[in-house]
Every structure is written in structure tokens, then in C-alpha cells.
K.L.:
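Structure in C-alpha cells, see below.
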Amino acid sequence: MELSKNYIFSETENKWYQHWINKGYFNSEPDGRPAFTVVIPPPNVTGVLHMGHTLNETVQDILVRKARMSGFNACWIPGSDHASIATEAKVVQMLKEKGIEKNNLTREEFLKYAFEWKEKYGGIIYNQIEKLGCSVDWKRVTFTMDDHYYKAVIKVFVDLYNKGLIYRGARMINWDPAAKTALSDEEVEYRNVQGKLYYLKYSLTPALSEGEGESLPPSGELEGGFITIATQRPETIMGDTAICVNPNDERYTHLKGKQALVPLINRSIPIIFDEYVDPAFGTGALKVTPAHDINDYNLGLKYNLEVVDTLNEDGTLSAAAQIHVGEDRFVARNKIVNELHEKGHILKEEEYATRLGYSQRSGVVVEPRISTQWFVKMKELAEPALKAVADGDIKIHPGDKFLATYKYWLGNVKDWCISRQLWWGQQIPAWYDEQGNMVVAETAEEALKKFKIQNSTFKIEDLRQDEDVLDTWFSSWLWPMEVFKGSSNPGNADINYYYPTSVLVTGQDIIFFWVARMIMAGMHYKNEKPFSDVYFTGMVRDKQGRKMSKSLGNSPDLLELIDKYGADAVRFGIMISSPAGNDLLFDEASLEQGRNFNNKIWNALKLLKLWEGKKPKGLTLNAERNFAIEWFGNRLNEVRAEVDNLYIQFKLSEALKIIYSLIWDDFCSWYLEWVKPGFEQPIDEKVYNKTVEFFEQLMELLHPFMPFITEEVYHLLQHREDDLCVKQISSIGTLQSKILDEGELLKKVISALRDARNKNQLKPKEAIKLHIQTADTEAYTEIENILSKQVNAETVNFTAEAVTNTIVVAVEKDKFFIETTQQLDAGVLKEELLKDLEHQQRFLDSVVKKLNNERFVFNAKPEVVALEKKKHADAEVRIKVIEESLQNLKKL
RNA sequence: AGAUCCGUAGCUCAGUUGGUUAGAGUGCUUCCUUGACAUGGAAGAGGUCACCGGUUCGAGUCCGGUCGGGUCUACCA
């Protein structure tokens, strides 16, 4: 068969993926083997995979493929989440382009459009996962809005509510007064702006009940019955319902029980004392406006203050403001500032650097607004989740980096707001009657039953369901359970077999949003961790270190990259530059490296095929011991053991690096050259067969990382019925370190001799005569053939003493004399030797210094001291060799 | 503002409990093209391990500080 000049990935990748699918290799059913289960972090259904996903999916595929080849029943669940905020935004945008306003649609109509959208675009990510070669079980695709999933989410909500773990409470939301809608935090852009801090004087009035006399305050902050507050938003003063100072602030202690008058409207408000106020900020006195600030709202709750909402939905002043009703908040601000000036209420104005939130949708300044939301109590759920990680039941990788973060967050956890003012998602199963009474139930019928206990005339049409939907994380926190229907149908065969899953691979940025909450749900509902290991990948950045984002447009298109370099090269490129847990700077150059690696493998295959054609039939030429084979066999086993060890530590990037080096350097650059027959010569059949076997094992080792080319090569090496994809990895043989050492020495000698040739400008084609001076001739006899081939020596012989008129090379304790017909440049040789001599001398000095230090000899471990002594002896030998060489040179 | 991680070759990064002369990839320099591969081969140069101090016989590694950078969380009148 004729093999193409270079490896052509486009001819293999689709072919093999289709083959694997047809064979059902990725489908998993419970059986007697141990399970290795991975659930994909579900990407956003309307999105496309970005480089962060690519890294994640590649890591998962490597782990899953390795497990599949190691006797496990590997099961990798693909899927996507409904991403309520992002998806709804996209659907709204799409409708707008069609000239349809969401506000003019019913909920049902809108959801119909949304599902159509999902059907149309939801497949993109699946296509990308496939193109990347991911070995997911396509029969188990799960979507967070699937019927069973929807029901599971509702069931969990009702359950937690009944347990008292879900409650309704107040929360400040981001309100867009132009779009008249609530915004998520993600939809708010913060910008640094120059604002003004206004110092306003509020007149004091005696306490309503009893006066405390007319004693004036000692502080300059108060003048003749005024208290001064600092505010950025003077237009909200009409919503003030108290002034708050710190009880420890001596400037204000005398104000206990007094009232203040809100300027312009002269409403009387109490002065309250709470440690929340920072005496050092502004004047140390805070105006409390519960309707427009969450902290103020909480103070209001604590002190039972009235809530006066002075703004309408559209950002104009409401009737409650009493003045400037109907005017825009910023227009009103200017007018009010003027009036305050006129009436002498403004003590001073100060420039003030602040951050304001702007709506991504409409661009206007976001208005904080108090609203009723649903919350999950976190403390009770957090404790077992913290314990699972703290006790080491769940291991985080890399641990040192994220353990502290995880513990800190769970130790200081805040309640989780789970309601969203959207339609796309699981609608909150809370039902209201006309009087506003509320029950929580899985269905309207259930709700009706609950209401009927109180009122039997009630009909189902009288019920109104809560408008809001649940946070997407409130569905995805059930992911490791519900992909096996473990919440909607507890105790089924799948959940029993696959749960807990093996490893979760995800980005460190969602450690709290998702990872911690999955652990909470798992511990709460299964009383068991959802996964044993968590592997955090770093963030993918661009070459300049910037975060990849849609707005910067610096995220490359995955399918284009695969078209250009092939999936194997993309996987290689992203893995090779991805140290465990650290961010990686994505550079297409690493994909090029991957493509070149493919080509290298391909050409090694071509070389073997060339040899195959020249193999003598049925005849073994040479059955004797072959150093190259023994060495490479050991080297292979050595690396296989290292790789296994790296897998355990999730150091996949390092594993790939040493496999890469094993194939390129040890196999291609050394081994193949060592066994290569002379030009037009046939190859020893035993060597050939052994080489095919090595190649096969290399492909096996690399397969999890680069599945396509390895499968292709596996089949091209020889005809077979099985597939590499499901081949079971053979056990690792024992190591003979002596042979490995000999191999390293051989490489060193070859490089040193080539270096000497280079420096003396001996052309590669020019043959030399090599004389070796060594105490161990036996060792060199074995590798003589390799050595002569590798340094182009026409003769190799051993010598007891220095050979004159040659280039001398010293490696370890042995000396090599290169005899050549070419005229040698003694100057260059001498310079090199002197440089080396100086280096060795310096080294020897440092060792001597150490050994002369009594405290070192006394304190250091015996093996360390022994090592230093060996260094000392070796250095002395090397120096002697160099000096001899210099002597020899003089004879030139 | 809090929490946390990082600073090693031109660039991107490894460097296990302190113990050979600090490694790799890439880039750079020199040489090499009829023979698997120029998407290649052979070889080489390149580092005061951010800075200051401490512990130790010994520090890239441990401790304290300074400077610089990242990430997450919170944003305060």
C-alpha cells in the first residue's frame, strides 16, 4: 500500500469516529466491571464550545479512554443546560429581529419560540463534541429541561420548601428602568465614574416624647441643631425613613431619642444607632432609605422602619416622593440639588470616584430595587459539603490551590437566591389565591388540594402560579444524580451502579456556583458524594494573557481549528500547554506542534512499511541479543510506569510531554536509527516484529490523548480484527536499570562525538576511525555497531593509551579518539578543552568546599555525603582526562 | 476592600519531603537535502530562580517583609 507523504487527518478522523459509534464502544450498561463515570459539565445549549470547553472535554476524554482501556466500564454522559438567562436573552433578541416583542407574547407562546430555538441551535455543541473525538455515550444525552429533569427540579424545590430550607425574602435586584425589567448580575456592566458626594444638613427636632435639653454637640459636624449626612443620591432623600449612626461614635451619643427633618419635605424621621455604620466614612451619619438600598432595607427590618419607594418602574419619581413627581431621577436630582442649595441644606460638595452599574441591554444606569425572591438556606446544606472535602472524601486537584478557597466560601456561605424574573426555565411551583395566600406544590392539582383544606369553594382556575423561574444552577446542581434519573426515580439500576461518579472536570471559576452545590445536593439526597475527584482546569487565555471572551473576539472557532489542524492536533496543542490547574496561554503554534507530531508518527510508520517490503521471507537472520531492542523495551516500560503515576496525579500535560518525547526522541531519533538496516539492506525479521510491537504499544500509550491517528496507525501496522479504542492495556514489565543506564551512556557518547565532529567541521559524510580507551570494553563491544553507525566511524577499536594526532573526547571516565584525515585545528580544540577544564575545576572546588565543612559531613544524611564524595572522585577523573587531552594536543 | 495564587532561559512553563553542575517546549545560532519525515536531521548558545532579610552545614524550595501581576468574592452612605 502506498502511504501519503504527510499524514492526512481528514481521511481518518470521521471514519474512525463513525466506526467506534457503529460498534457501540461508547455505550455503557451496568455490568460486573467497576464503573468509571464522568458527567460532562453541561455547556449552554445555545452556545458554541469555546477553548475552555475544548480543554475540559479533552481532559475528560483522556481520562475516560484511559479507563476504558484499563478494565473499567467507562460511561461519559453528554448533555447541555438550558441557561435561562443567556438563552432567554438570545430568544428575545431573535424575536426582536422578527419584530416581535416578548411583552406581547403569552408565556406559552414565548416558550414555543424558545424550544424551536433550542432545537435549531442546541445541536451545535454536540457536533463539536463529536468532532473533537469525545467518547461520550450518545444514548444518554441529557438536557436540564427534559421532562424527567424538569420534574426532578420541581420535586426537589417542594421537598426543600417542606423541610424549611427554602423561603421567600427580600433582595435587591438590578432594575433596568428603560427596559423595565430585572437584570442578572452578568447583565450589569460596572464603570468607574466621577460622582459627587453631597453633605446635607438635616435639622434636629427634640424627641417626640421627652426632650433632652438644648445641649449642643461638641463636634464641628453638628451646628445648631443639625446633623450632616453624606450622600451621592440627593434625589432619594424623600425615601429616607431614619438616620443611622454608630452607637460607639461619641460625636452622636447625645442624639439618642431625637428626630431629624428630611429637607424639602420636612418629614420627621428617627435617629437610630447601629454598628453597621462606619464612623470613619463621610460624616459617620447615614441616611437610611430602605426602598433603594439592601443594607438600608435590612436596617429597616431590624428597626421596623417604613419603606418609602420614591421611584416608579421607569425611573421617574413616584407619588411617594411628594415633589417632582413624574420627573426622571437625574433631572430631579439637579433640581433638588438646586433647591437644597437655595435653602442652605448643602454644607459642601465633594468629588467622589465611584462605580456605577449600567445595563448591558439598554445602557442606562441600573436602579437597585427591593423585591421578593426565593432563597435556599445554605448553612445546613453547606456543612456536610464542607466536611466531605475537608475529610478528603472528595479530593480536589490541584489541592493546594483550591482547598482553601473552597473551605473559606463554604464557611462563610450566604443564602442562595434561586428565583429569576424569566420564563425560560423551571417555573417556581408556588401557587397563589386571589387574596395572595400561597402554597407550594408540585402541580396545580396538588396546590388546589392544599387550598381546599382552608376553602372548599375554590377552583383550579382561581390559582395563579408564581411567574418566576428557577436559577439554572438549581437544576444543574442535581446533574450527577438526574442524568441517571436518580432524583425523579430514586433507586433505579443506573443510579445504583454509576453513582457516585468518578471524577468531575471543570473550570475553577464555577467552584461555588456549581461544584460546591452539587456536593450539597449529593450529600443531602444520597448521603453520598457526587464524585470522588474534582479536577480543575485553568482558564484559557489568548497569547497576550487576556481572558477569552465574546466581546474581545479573541476566542477561535473550534471547528475551524479542527478543519485546519485536525482534532488530534487540537487536543495535543491544548493539552501540551496546559499544566494542571494553571491558566494556559493559547497559541496556535502549539497546534502546529501537534500537527507536526502527527506527521512524525506517520513517517515512522512509513519507514516500517518500507522495511516490511524488504523483509526476507520466513527467515530469522539474527536471533542473538540486540541492545537496541532491550534498551527500548525497558525505556518504554519506564515511561509507561511514569505515565501511570502522572495519571493518578492528574498531571496529564506532563504525561503527554513524556509520551511525546518517548516517541519523537527515544523511538524515532534513537531507536529507529539504531535498528535501521544499511541502505538497501533487508531488516532482521525479529527486529522488525519487535519494532512493530513497540510501535503498537506507543500507540496504545498515546491513544487517550490522540485517538484518531493512533487507531489509524494501529490498523496499518498489521491487519487486525480488534480496535485500539477498546484494547485492554497489557501490564508493565520489570525494569532493568543497567540497560537503561547503558542506553543513556550510549546517547551521551554519540552526542559528544557528533559535537566534536561539528566543532572540527567534519562533514557528516566523512568517515572517521574511532579509538576507545575504557576500563569496560565489554560494554562497548555490545554497542559497537550502533556507535559506528551513529557517528559514521569506519573502524572502532580499543586502545590502552592515548592516540596521538586525534580529537579527544571525554565522556564520564572513558576517552574517545577521533582519527581523521582532515587537518585539525589545534587552537579550537584547545580552547574547548580549557573552557571545560575551568568549568570542571570550579565544580570540583565547590564540592571540596562542601566536604571540608565539618558541619556538612556531620549533619547531612550519609547518602548525601556519599554522593558528594562520588562527585569529588568523578570530577577529579574528568579533570585528569582533560589534562591528558591537552598534553596530547601539544603533540599535534 | 477581603480571600487566594503566582514571579525560574527572549517567550510559555516543569522543578516531589530543602541535598549532583536548575530542566522541557518554543524561539535563536551553526551545520546538513537523492534513502521515513524541511511539518525534517545533527549540534550549540542562553538563567544573580523578582528584591531584601531570616532559619539551616546547605534555600529556586521553608519563614518574614518589599515590589510587581493574576483570579474569585464584596462593593459600602
Side-chain angles (χ1 to χ4, degrees), chain A residues 3 5-7 190 197-198 229-233 236 244 276-278 281-289 293-296 352 354-355 400-402 404-405 408-409 412 414 508-509 511-512 538-539 541 543 545 547 569 576-585 587 589-590 592-611 649 651 653-654 657-658 660-661 668-669 672-673 676 679-680 750-752 754-759 761 763-765 790 839-840 842-843 846-847 850 853-861 863-865 867-868 870-871 874-875:
Chain A
L3 295 180
K5 180 170 159 45
N6 292 328
Y7 175 62
Y190 286 92
L197 203 55
Y198 300 90
I229 58 92
T231 180
Q232 290 182 67
R233 303 200 60 188
T236 64
C244 188
Y276 163 72
V277 177
D278 175 7
F281 189 91
T283 63
L286 167 73
K287 74 185 201 61
V288 183
T289 324
D293 184 290
I294 190 66
N295 298 305
D296 291 11
Y352 183 67
T354 187
R355 276 159 64 81
D400 46 342
K401 224 170 173 174
F402 300 110
T405 320
Y408 180 83
W409 190 77
N412 299 280
K414 288 181 188 148
Q508 51 193 265
D509 48 333
I511 181 167
F512 309 129
M539 188 186 294
R541 302 167 169 279
K543 222 169 153 180
K547 200 168 166 173
I576 203 79
S577 47
S578 166
N582 281 347
D583 288 357
L584 68 99
L585 301 195
D587 188 348
S590 64
E592 232 169 273
Q593 197 187 343
R595 185 197 57 190
N596 296 353
F597 185 36
N598 279 325
N599 199 47
K600 188 71 183 176
I601 294 169
W602 185 249
N603 275 287
L605 174 74
K606 275 169 66 184
L607 180 63
L608 257 73
K609 289 284 132 184
L610 205 78
W611 292 349
Q649 300 171 65
K651 293 188 173 174
S653 180
E654 272 184 62
K657 270 178 194 166
I658 66 172
Y660 173 79
S661 167
C668 294
S669 297
L672 288 181
E673 294 300 328
K676 190 184 257 180
F679 186 52
E680 294 293 318
I750 293 168
S751 292
R754 283 172 175 170
D755 182 29
R757 294 186 58 120
N758 247 337
K759 287 195 173 119
Q761 294 173 327
K763 297 275 180 228
K765 279 185 178 163
Q790 291 277 278
H839 182 234
Q840 295 296 342
R842 268 209 311 268
F843 174 61
S846 77
V847 175
K850 232 182 211 179
N853 183 342
E854 281 171 24
R855 292 203 287 176
F856 168 73
V857 180
F858 183 74
N859 283 312
K861 281 178 278 186
E863 57 266 34
V864 174
V865 179
L867 199 66
E868 289 299 317
K870 184 176 182 301
K871 274 156 67 179
D874 289 352

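Order of the sequence lines fixes the chain letters, A, B, ..., with proteins taken first and strands second; residue numbering starts at 1 for each chain.
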K.L.:
What is the distance, rounded to the nearest whole Å, between atom NZ of A:Lys5 and atom C1' of B:U39?
P.N.:
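Rounded to the whole Å, the gap is 9 Å.
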
K.L.:
Would you mind reading off the distance between A:Asn598 atom CG and B:G40 atom C1', rounded to a whole angstrom?
P.N.:
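Computing the A:Asn598:CG to B:G40:C1' distance gives 15 Å.
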
K.L.:
Would you please enumerate the stems RNA chain B participates in, each stem being three or more consecutive Watson-Crick or G-U wobble pairs with both distances under 3.5 Å?
P.N.:
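Runs of three or more consecutive pairs: B:1-7 with B:67-73, B:10-13 with B:23-26, B:28-32 with B:40-44, B:50-54 with B:62-66.
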
K.L.:
For A:Ser590 and A:Ser577, work out which heavy atoms get closest and say how close.
P.N.:
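Taking A:Ser590 first and A:Ser577 second, the nearest heavy atoms are OG-OG, 4.1 Å.
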
K.L.:
In whole angstrom, give me the gap between the P atoms of B:C63 and B:A24.
P.N.:
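These two P atoms come out 29 Å apart once rounded.
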
K.L.:
Check the distance between B:G41's C1' and A:Lys600's NZ and give it to me in whole angstrom.
P.N.:
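Taking atom C1' of B:G41 as the reference, NZ of A:Lys600 is at 7 Å.
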
K.L.:
Please report, rounded to the nearest Å, how far the P atom of B:G40 is from the CZ atom of A:Phe597.
P.N.:
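A:Phe597 atom CZ is separated from B:G40 atom P by 12 Å.
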
K.L.:
Is there a side-chain contact between A:Trp611 and A:Leu672 in this structure, where contact means two heavy atoms from C-beta onward sitting under 4.5 Å apart?
P.N.:
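In contact.
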
K.L.:
Give a yes/no on whether any side-chain N or O of A:Asn853 is located under 4.0 angstrom from OP1 or OP2 of B:G58.
P.N.:
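No.
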
K.L.:
For the pair made of NZ in A:Lys287 and C1' in B:C76, what is the distance, rounded to whole Å?
P.N.:
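From A:Lys287 NZ to B:C76 C1': 14 Å.
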
K.L.:
I'd like the P distance from B:U17 over to B:G7, given in whole Å.
P.N.:
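About 15 Å, rounded to a whole number of Å.
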
K.L.:
When rounded to the nearest 0.5 angstrom, what distance separates NZ in A:Lys861 from CG in A:Leu867?
P.N.:
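A:Lys861 atom NZ to A:Leu867 atom CG measures 11.0 Å (nearest 0.5 Å).
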
K.L.:
Could you tell me which residues satisfy salt bridge (charged side-chain N to carboxylate O under 4.0 Å, His left out) with A:Asp278, sequence neighbours excluded, listed by chain and number?
P.N.:
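Partners of A:Asp278 by the salt bridge (charged side-chain N to carboxylate O under 4.0 Å, His left out) criterion come out as none, since no residue qualifies.
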
K.L.:
Does CD belonging to A:Glu863 count more than 12 external heavy atoms closer than 6.0 Å?
P.N.:
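Result for CD/A:Glu863: enclosed.
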
K.L.:
Dump the pairs, protein N or O against N or O of nucleotides 25-28 of chain B, anything under 3.5 Å, distances to one decimal.
P.N.:
from	atom 1	to	atom 2	distance (Å)
B:G25	O2'	A:Gln593	OE1	3.3
B:G25	O2'	A:Gln593	NE2	3.2

K.L.:
Report the distance from atom CG of A:Asp293 to atom CG of A:Leu286, rounding to the nearest 0.5 Å.
P.N.:
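Taking CG in A:Asp293 and CG in A:Leu286, the distance rounds to 8.0 Å.
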
K.L.:
Taking only N/O atoms, report every protein-nucleotides 44-49 of chain B pair under 3.5 Å with atom names and distance.
P.N.:
none

K.L.:
Do you know the tightest heavy-atom contact between A:Ile229 and A:Thr283?
P.N.:
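Closest pair (atom of A:Ile229, atom of A:Thr283, distance): CA-OG1, 3.6 Å.
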
K.L.:
Once ring-ring contact (aromatic ring centres under 6.0 Å, His included) is applied, do any residues pair with A:Phe597, and if so which ones, sequence neighbours excluded?
P.N.:
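By the ring-ring contact (aromatic ring centres under 6.0 Å, His included) rule, A:Phe597 matches A:Phe572, A:Tyr660.
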
K.L.:
How far, in whole Å, is B:A36 from B:A14 if one measures between their P atoms?
P.N.:
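Their P atoms lie roughly 38 Å apart.
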
K.L.:
How is A:Leu585 classified with respect to the nucleic acid when contacts are heavy atoms under 4.0 Å: base, sugar-phosphate, or nothing?
P.N.:
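Contact class for A:Leu585: sugar-phosphate only.
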
K.L.:
Between protein and nucleotides 70-75 of chain B, map the contacts as a letter string: B base, S sugar-phosphate only, - none, heavy atoms under 4.0 Å, written 5' to 3'.
P.N.:
SSSSSB

K.L.:
Just by distance, do the side chain of A:Asn859 and the backbone of A:Arg855 share a donor-acceptor pair under 3.5 Å?
P.N.:
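Judged by distance alone, yes, a pair lies under 3.5 Å.
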
K.L.:
Measure across A:Asp296 and A:Lys287 and return the closest heavy-atom pair with its distance rounded to 0.1 Å.
P.N.:
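Heavy atoms only, the tightest pair is OD2-O, 3.4 Å.
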
K.L.:
In whole Å, I'd like the distance from the CG atom of A:Asn599 to the P atom of B:G40.
P.N.:
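One finds 7 Å between P of B:G40 and CG of A:Asn599, rounded.
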
K.L.:
Atom pairs under 3.5 Å, N or O on each side, protein against nucleotides 17-22 of chain B: can you list them with distances?
P.N.:
from	atom 1	to	atom 2	distance (Å)
B:U20	O3'	A:Lys871	NZ	2.9
B:U21	OP1	A:Lys871	NZ	3.2
B:U21	O2	A:His839	NE2	2.8
B:U21	O4	A:Arg878	NH2	2.4

K.L.:
When the C1' atoms of B:G46 and B:C37 are considered, how many whole Å apart are they?
P.N.:
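Taking atom C1' in both B:G46 and B:C37, they lie 29 Å apart.
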
K.L.:
Using the C1' atom in both, what is the distance from B:A42 to B:A50, to the nearest Å?
P.N.:
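Straight-line distance between the two C1' atoms is 37 Å.
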
K.L.:
OP1, OP2 of B:U39 versus side-chain N and O of A:Arg595: anything below 4.0 Å?
P.N.:
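For B:U39, OP1/OP2 do not have a side-chain N/O of A:Arg595 under 4.0 Å.
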
K.L.:
Would you say that A:Asn599 contacts A:Asn603 through its side chain, given a criterion of any heavy-atom pair below 4.5 Å between the two side chains?
P.N.:
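Side-chain contact under 4.5 Å: yes.
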
K.L.:
How close do A:Gly284 and A:Val277 get, counting heavy atoms only, and between which atoms?
P.N.:
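The pair with the smallest heavy-atom distance is O-CG1, 3.3 Å.
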
K.L.:
Return the set of residues passing salt bridge (charged side-chain N to carboxylate O under 4.0 Å, His left out) with A:Glu673 (not counting sequence neighbours), or none when no residue passes.
P.N.:
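Per chain and number, A:Glu673 pairs via salt bridge (charged side-chain N to carboxylate O under 4.0 Å, His left out) with A:Lys676.
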
K.L.:
Touch check for A:Lys763, heavy atoms < 4.0 angstrom, all strands: base, sugar-phosphate only, or nothing?
P.N.:
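The residue A:Lys763 makes sugar-phosphate contact but no base contact.
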
K.L.:
At what distance, to the nearest 0.5 angstrom, does CD1 of A:Ile576 lie from CD of A:Glu654?
P.N.:
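One gets 10.5 Å once the value is rounded to the nearest 0.5 Å.
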
K.L.:
Can you list the residues that meet the salt bridge (charged side-chain N to carboxylate O under 4.0 Å, His left out) rule with A:Arg595, with sequence neighbours excluded?
P.N.:
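So A:Arg595 forms no salt bridge (charged side-chain N to carboxylate O under 4.0 Å, His left out) with any residue.
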
K.L.:
Heavy atoms only, 4.0 Å cut-off, all strands: where does A:Cys244 land among base, sugar-phosphate and nothing?
P.N.:
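No contact.
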
K.L.:
Say we look at B:A1 and B:U61: how far apart would their P atoms be, to the nearest angstrom?
P.N.:
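Between the two P atoms, the distance is 29 Å.
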
K.L.:
Among B:A36, B:C57, B:C31, which nucleotide has an atom closest to any side-chain atom of A:Leu610?
P.N.:
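Comparing B:A36, B:C57, B:C31 against the side chain of A:Leu610, the answer is B:A36.
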
K.L.:
Classify A:Asp278 by what it touches in the nucleic acid, base, sugar-phosphate, or nothing, heavy-atom distance under 4.0 Å.
P.N.:
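It contacts base atoms.
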
K.L.:
Between the base of B:A24 and the side chain of A:Glu654, is there a donor-acceptor distance below 3.5 Å?
P.N.:
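It does not, because no donor-acceptor pair links the side chain of A:Glu654 to the base of B:A24 below 3.5 Å.
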
K.L.:
In whole angstroms, how far is the C1' atom of B:A38 from the CG atom of A:Asn596?
P.N.:
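Rounded to the whole Å, the gap is 10 Å.
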
K.L.:
So what does A:Val857 touch, heavy atoms closer than 4.0 Å: a base, only the sugar-phosphate, or nothing?
P.N.:
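It contacts nothing in the nucleic acid.
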
K.L.:
Rounded to whole angstrom units, what separation is found between the NZ atom of A:Lys765 and the P atom of B:A42?
P.N.:
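My rounded result for the distance is 17 Å.
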
K.L.:
To the closest 0.5 Å, what do you measure between CZ (A:Arg754) and CD (A:Gln790)?
P.N.:
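It comes to 4.5 Å.
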
K.L.:
Can you check whether A:Ser669 has a side-chain N or O nearer than 4.0 Å to OP1 or OP2 of B:A42?
P.N.:
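For A:Ser669, the contact criterion (side-chain N or O under 4.0 Å from OP1 or OP2 of B:A42) is met.
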
K.L.:
Rounded to whole angstrom, note down the P distance from B:G10 over to B:G53.
P.N.:
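Rounded to whole Å, the distance is 24 Å.
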
K.L.:
Quick one: list whatever passes ring-ring contact (aromatic ring centres under 6.0 Å, His included) with A:Trp602, sequence neighbours left out.
P.N.:
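Listed in chain order: A:Tyr7.
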
K.L.:
Taking only residues two or more places apart in sequence, or in another chain, which ones meet A:Lys850 in a salt bridge (charged side-chain N to carboxylate O under 4.0 Å, His left out)?
P.N.:
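Partners of A:Lys850 under the salt bridge (charged side-chain N to carboxylate O under 4.0 Å, His left out) test: A:Glu868.
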
K.L.:
So A:Glu673, base contact, sugar-phosphate only, or nothing? Heavy-atom distance under 4.0 Å.
P.N.:
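The answer is base, as A:Glu673 lies within the cut-off (heavy atoms under 4.0 Å) of a base atom.
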
K.L.:
Expressed as a whole number of Å, how far does the C1' atom of B:A38 sit from that of B:C31?
P.N.:
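Comparing C1' positions in B:A38 and B:C31 gives a spacing of 14 Å.
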
K.L.:
Tell me, please, which residues at least two apart from A:Leu197 pass side-chain contact (heavy atoms from CB on, under 4.5 Å).
P.N.:
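Partners of A:Leu197 under the side-chain contact (heavy atoms from CB on, under 4.5 Å) test: A:Tyr199, A:Ala230, A:Gln232, A:Glu350, A:Tyr352.
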
